[in-house]
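To start, the structure itself, in structure tokens.
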Amino acid sequence: MLRLLIGGRFLPNHKSNYFPNILSSGRFLHTQTSSSDDSWTNNRDLNIDLLFHSCTKTHLAKRLHALLIVLGKIQSLFISTRLVNLYANLGNISLSQQTFDQIPQKDVYTWNSMISAYVHNGAHTDAITCLYKMLTFEVKPDFYTFPPVIKACRDINNGKMIHAWISKTGLEWDVFVAASLVHMYCRFGIFDAAYGIFTNMPFRDMGCWNAIISGFCQNGKGEKALQILDEMKFEGIKLDSVTVSTVLPICAQMDDMSQGRLIHLYVIKHGLESDLFVGNAFINFYAKFGELIISQKFFDSLVTRDLVSWNSIISAYEQNGNPDRALWFFREMQKDGFAPDLLTLVSVASSIAQSRDTRGSKCVHGFILRRSWFVKDVIIGNAVVDMYAKLGNVENARELFERISIKDVVSWNTMITGYGQNGLASDAIEVFQNMVEKNFVTPNQGTWASIIPAYAHIGALKEGQKCHSNVLKTGLILDLYIGTCLIDFYGKCGKVKDAMLLFDEVPKTNSVPWNAVISCLGIHGHGETCLKLFENMIESGTHPDAITFISLLSACSHSGLIEQGEQCFNAMEKDYGVKPGLKHYGCYVDMLGRAGELEKAYDFIKSMPLTPDASVWGALLGACRIYGNTDLGKVVSEKLLEVDEGNVGYYVLLSNIYANAGKWEGVNRVRLMANEKGLKKTPGWSSVEIDKRMEVFYTGNYSHSKCEEIYKELEDLMMKIKVIGYVPDYSFVLQDVEEDEKERILMSHSERLAIAYGIISTPPKTVIRIFKNLRVCGDCHNATKFISKVTEREIVVRDSNRFHNFKDGVCSCGDYW
DNA sequence: CTAGGGTTAG
């Protein structure tokens with residue numbers, strides 16, 4: 001008995017501070033008989049502990065192994081078992097297993113060591129197999145055997161079987177065994193069984209309390225875990241470092257800052273501050289609330305740091321928008337001799353994306369490739385796909401995405417979002433359809449949040465509605481994020497009523513759904529309703545943000561509500577503390593410009609406190625186009641090309657202005673300038689949804705399978721609408737050609753091809769929905785009004801600027817756009 | 001020489 005205690009079996013090694021229970025826990029009923037009694041007698045000539053502890057790398061362990069063979073010590077069961085453990089601790093399970101296999105006569109220590117070696121290295125099946133093998137050698141498992149075995153159980157049947165077996169051996173209430181069982185039942189979600197064992201335990205040590213708390217925490221029962229924590233406090237048991245590091249992530253997850261702060265005070269009082277796990281947990285806890293100074297304090301006060309400490313501080317800065325500092329810590333950790341792991345690189349990849357470092361992205365990719373980490377875990381592949389997509393490099397993102405052999409739902413979501421955020425909605429849809437067809441993974445909240453905006457972008461109403469019904473089925477409809485996506489979607493597809501209905505349903509806990517609905521009504525020209533909603537928003541106590549005012553100002557602009565727009569602009573900083581940014585100035589200029597107040601807009605720009613950027617000058621140039629002001633247009637375009645000479649859109653706009661005024665030499669000059677810079681006009685395209693499929697038309701495209709029918713229909717339509725008063729407006733033709741050629745050019749505009757195709761492909765009187773990637777041409781706008789009248793159809797056209805609803809010869813925009 | 005409960009994630 002004395003030797004057991006002095007030998008370190010219970011006293012020095014034991015981490016528990018609940019000692020009295022152990023003495024009475026029944027543990028001493030089991031006497032250990034060891035066949036390897038050679039440990040003290042035969043190996044005194046070597047300082048075994050020192051030798052083993054000095055092996056911190058596999059190659060050192062191998063040298064020690066060789067030395068022990070030479071010295072003839074390998075026959076000692078004690079020595080060879082230690083080698084099994086040593087290799088396992090170094091993470092080299094195959095060497096551990098080899099050493100184990102070469103031992104002829106194994107005792108219970110040896111078997112236990114091998115089983116726990118497997119478990120520690122994640123080889124759960126091997127651990128169970130090893131247990132059965134142990135039985136065939138007629139070695140009886142003891143209470144060292146079971147905890148790792150329980151940990152290795154991957155399914156509930158296996159677990160229950162092992163549990164029954166343990167009951168028969170009478171080891172069920174050993175604190176280690178029982179704690180393992182409690183944790184296992186939690187893992188399988190059988191919380192009643194776990195709690196049952198816990199309450200029936202005759203003796204509990206800290207480990208048991210921690211087992212049930214962590215069991216609840218890790219399996220989505222945070223609230224219940226905190227209840228047990230209270231129970232524990234009530235019984236006067238002190239939290240230890242394990243409890244603290246278990247509970248903190250739950251506090252963060254439940255957004256319970258005050259609970260965490262209380263624990264912080266407790267930790268200071270009980271001197272747990274410098275504990276590695278506790279410190280790491282606090283770094284993460286405070287980082288989640290953006291309290292980086294406190295996170296940094298914890299990091300600084302750590303006496304020893306491990307990989308998790310470094311990863312945590314790097315992720316803290318990365319998650320809070322300070323990628324440079326995150327990358328600085330990444331270099332520091334390496335200087336400090338720590339080799340980055342997979343999780344380090346996840347944060348680093350995101351930091352690189354945030355700091356827009358294209359060269360760095362290649363380094364990160366190479367770094368991971370060299371270590372073959374992509375096969376180790378999807379998470380790192382997903383992180384790098386995300387990094388490339390955020391840097392706008394969708395090709396590399398897609399290539400890597402295809403190389404991920406086992407994709408999870410996040411992989412798909414990342415790729416869909418990546419395409420969507422780079423404006424490639426049709427590619428996003430292709431990936432989504434692939435995901436659904438292959439049926440590999442079930443879409444989740446993130447999937448809907450990435451695909452619905454893509455459908456909104458191209459105006460695919462039917463497909464989006466299908467998503468909506470799927471969202472209803474999965475019960476995610478009350479999710480604020482998805483709700484907002486759907487509001488935006490219906491708005492962009494022209495379904496204002498549906499958008500409003502949804503808006504009534506979603507929880508309005510922050511400004512986001514308000515912004516969505518205001519912007520939706522704005523592009524439909526319901527400026528007055530927007531202002532009303534803004535009032536409601538303020539009344540409901542929701543604080544408006546920068547986006548709110550962008551939506552509001554652009555709504556005023558689209559509806560010609562100059563006075564109200566001015567009021568908004570003046571009130572935003574004064575009354576709501578939102579400082580106007582360049583986008584707000586852009587909206588304001590746009591508003592004045594559309595109303596024809598070109599000089600006022602120009603003066604306004606000159607008086608701006610910020611340096612106007614391309615979007616501000618671009619708004620004014622657009623107004624010059626509407627009002628045919630070539631003189632101001634020339635001045636503005638010069639300013640514009642100073643700030644952004646690479647954007648082809650402005651050249652097009654300027655050449656439009658010249659063409660409109662019939663100044664063809666100006667048109668040619670601008671065209672030449674653009675050509676010299678190597679700029680190509682963005683090809684215009686329009687799409688129409690037929691039978692849930694999107695058909696895309698490019699301007700002057702003659703390769704469509706129904707091409708002849710489309711042009712025939714267009715010619716018929718032209719005749720019909722001319723009869724009721726349509727006159728082609730050739731000012732929208734940018735080429736200096738003959739009149740009938742001009743008519744042909746207008747007729748082959750992509751939006752008109754899409755409309756004609758819609759008419760011949762759908763039953764009479766059904767609504768036709770068109771999406772155009774650029775602004776709709778003025779002549780097409782006029783023609784569409786007449787077409788809606790002669791065909792008795794509602795035609796919905798969304799362009800890059802706003803929304804047009806043509807019905808019975810008029811457009812919802814009132815020709816003001 | 002062997003055992004339970006702990007911190008980092010796209």
Side-chain angles (χ1 to χ4, degrees), chain A residues 7-9 13 15-16 32 34 36 39 43 48-49 52 76-86 88-89 107-117 119-120 141-151 171 174-184 186 205-215 217-218 240-249 275-285 287 306-316 318-319 341-347 349-350 377-387 408-411 413-414 417 446:
Chain A
R9 185 139 304 149
N13 274 348
K15 301 170 209 157
S16 169
Q32 295 252 338
S34 169
S36 57
S39 53
N43 296 304
I48 293 296
D49 273 342
F52 274 87
S76 151
L77 200 47
F78 166 71
I79 296 282
S80 48
T81 306
R82 279 203 82 159
L83 272 169
V84 171
N85 290 319
L86 179 62
N89 290 339
D107 68 354
V108 66
Y109 284 113
T110 323
W111 286 101
N112 288 348
S113 299
M114 194 64 235
I115 292 173
S116 75
V119 176
H120 281 304
D142 62 6
F143 52 64
Y144 276 105
T145 319
F146 288 115
V149 166
I150 295 166
K151 205 176 173 182
L171 296 169
D174 176 87
V175 277
F176 278 56
V177 174
S180 303
L181 285 170
V182 165
H183 204 254
M184 179 193 78
C186 287
D205 69 347
M206 272 316 294
C208 300
W209 284 98
N210 290 334
I212 191 137
I213 292 173
S214 84
C217 281
Q218 287 164 12
D240 70 356
S241 57
V242 178
T243 329
V244 171
S245 47
T246 312
V247 167
L248 276 178
D275 180 274
L276 181 61
F277 277 74
V278 169
N280 292 346
F282 270 114
I283 295 173
N284 290 299
F285 174 80
D306 68 353
L307 191 55
V308 179
S309 322
W310 286 102
N311 285 351
S312 303
I313 198 76
I314 291 171
S315 134
E318 176 261 308
Q319 297 272 327
D341 74 346
L342 211 130
L343 267 79
T344 323
L345 265 291
V346 170
S347 297
S350 169
D377 199 327
V378 260
I379 186 168
I380 187 72
N382 296 345
V384 176
V385 169
D386 187 55
M387 174 187 75
D408 68 356
V409 65
V410 181
S411 318
N413 296 354
T414 308
T417 312

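Every chain is numbered from 1, with letters handed out A, B, ... down the list of sequences. These numbers were taken from a predicted model, which means no experiment stands behind them.
- For B/dT8, neither phosphate oxygen OP1 nor OP2 lies less than 4.0 angstrom from any side-chain nitrogen or oxygen of A/Gln319.
- As a whole-Å value, the separation of A/Ile115 CD1 from B/dC1 C1' is 15 Å.
- Considering only side-chain atoms of A/Ala179, the nucleotide from B/dG4, B/dA3, B/dG6 that sits closest is B/dG4.
- Summarising the geometry, the separation between CG on A/Asn280 and P on B/dG6 is reported as 15 Å, rounded to the nearest angstrom.
- Here the closest heavy-atom approach between residue A/Phe52 and residue A/Ile79 is recorded as CZ-O, 4.0 Å.
- Among B/dA3, B/dT2, B/dT7, the nucleotide with an atom closest to any side-chain atom of A/Asn112 is B/dT2.
- For A/Asn210 and B/dG5, the CG to C1' distance is 5 Å, given to the nearest whole Å.
- Between A/His120 and B/dA3 there is a side-chain polar atom (N or O) within less than 4.0 angstrom of OP1 or OP2.
- With B/dT8, B/dA3, B/dG6 as the candidates, the nucleotide lying closest to the side chain of A/Phe176 is B/dA3.
- For A/Tyr109 and B/dT2, the ring-to-base geometry does not satisfy the stacking test (centroid distance below 5.5 Å, interplanar angle below 30°).
- The heavy-atom pair separating A/Asn284 from A/Ser312 by the smallest distance is ND2-OG, 3.1 Å.
- Here the side chain of A/Phe143 is nearest to one of B/dG4, B/dA3, B/dT7, namely B/dA3.
- In this structure, the nucleotide among B/dT7, B/dA3, B/dG5 sitting nearest to the side chain of A/Tyr144 is B/dA3.
- Distance A/Gln218 CD to B/dG4 P: 14 Å, rounded to the nearest Å.
- Ranking B/dT2, B/dG4, B/dG6 by closeness to the A/Asn85 side chain, first place goes to B/dT2.
- For A/Thr246, no side-chain nitrogen or oxygen approaches OP1 or OP2 of B/dG5 to under 4.0 Å.
- Distance CG (A/Leu342) to C1' (B/dA9): 9 Å, rounded to an integer number of Å.
- Looking at heavy atoms from C-beta onward, A/Ser309 lies in side-chain contact with A/Leu276 at the 4.5 angstrom threshold.
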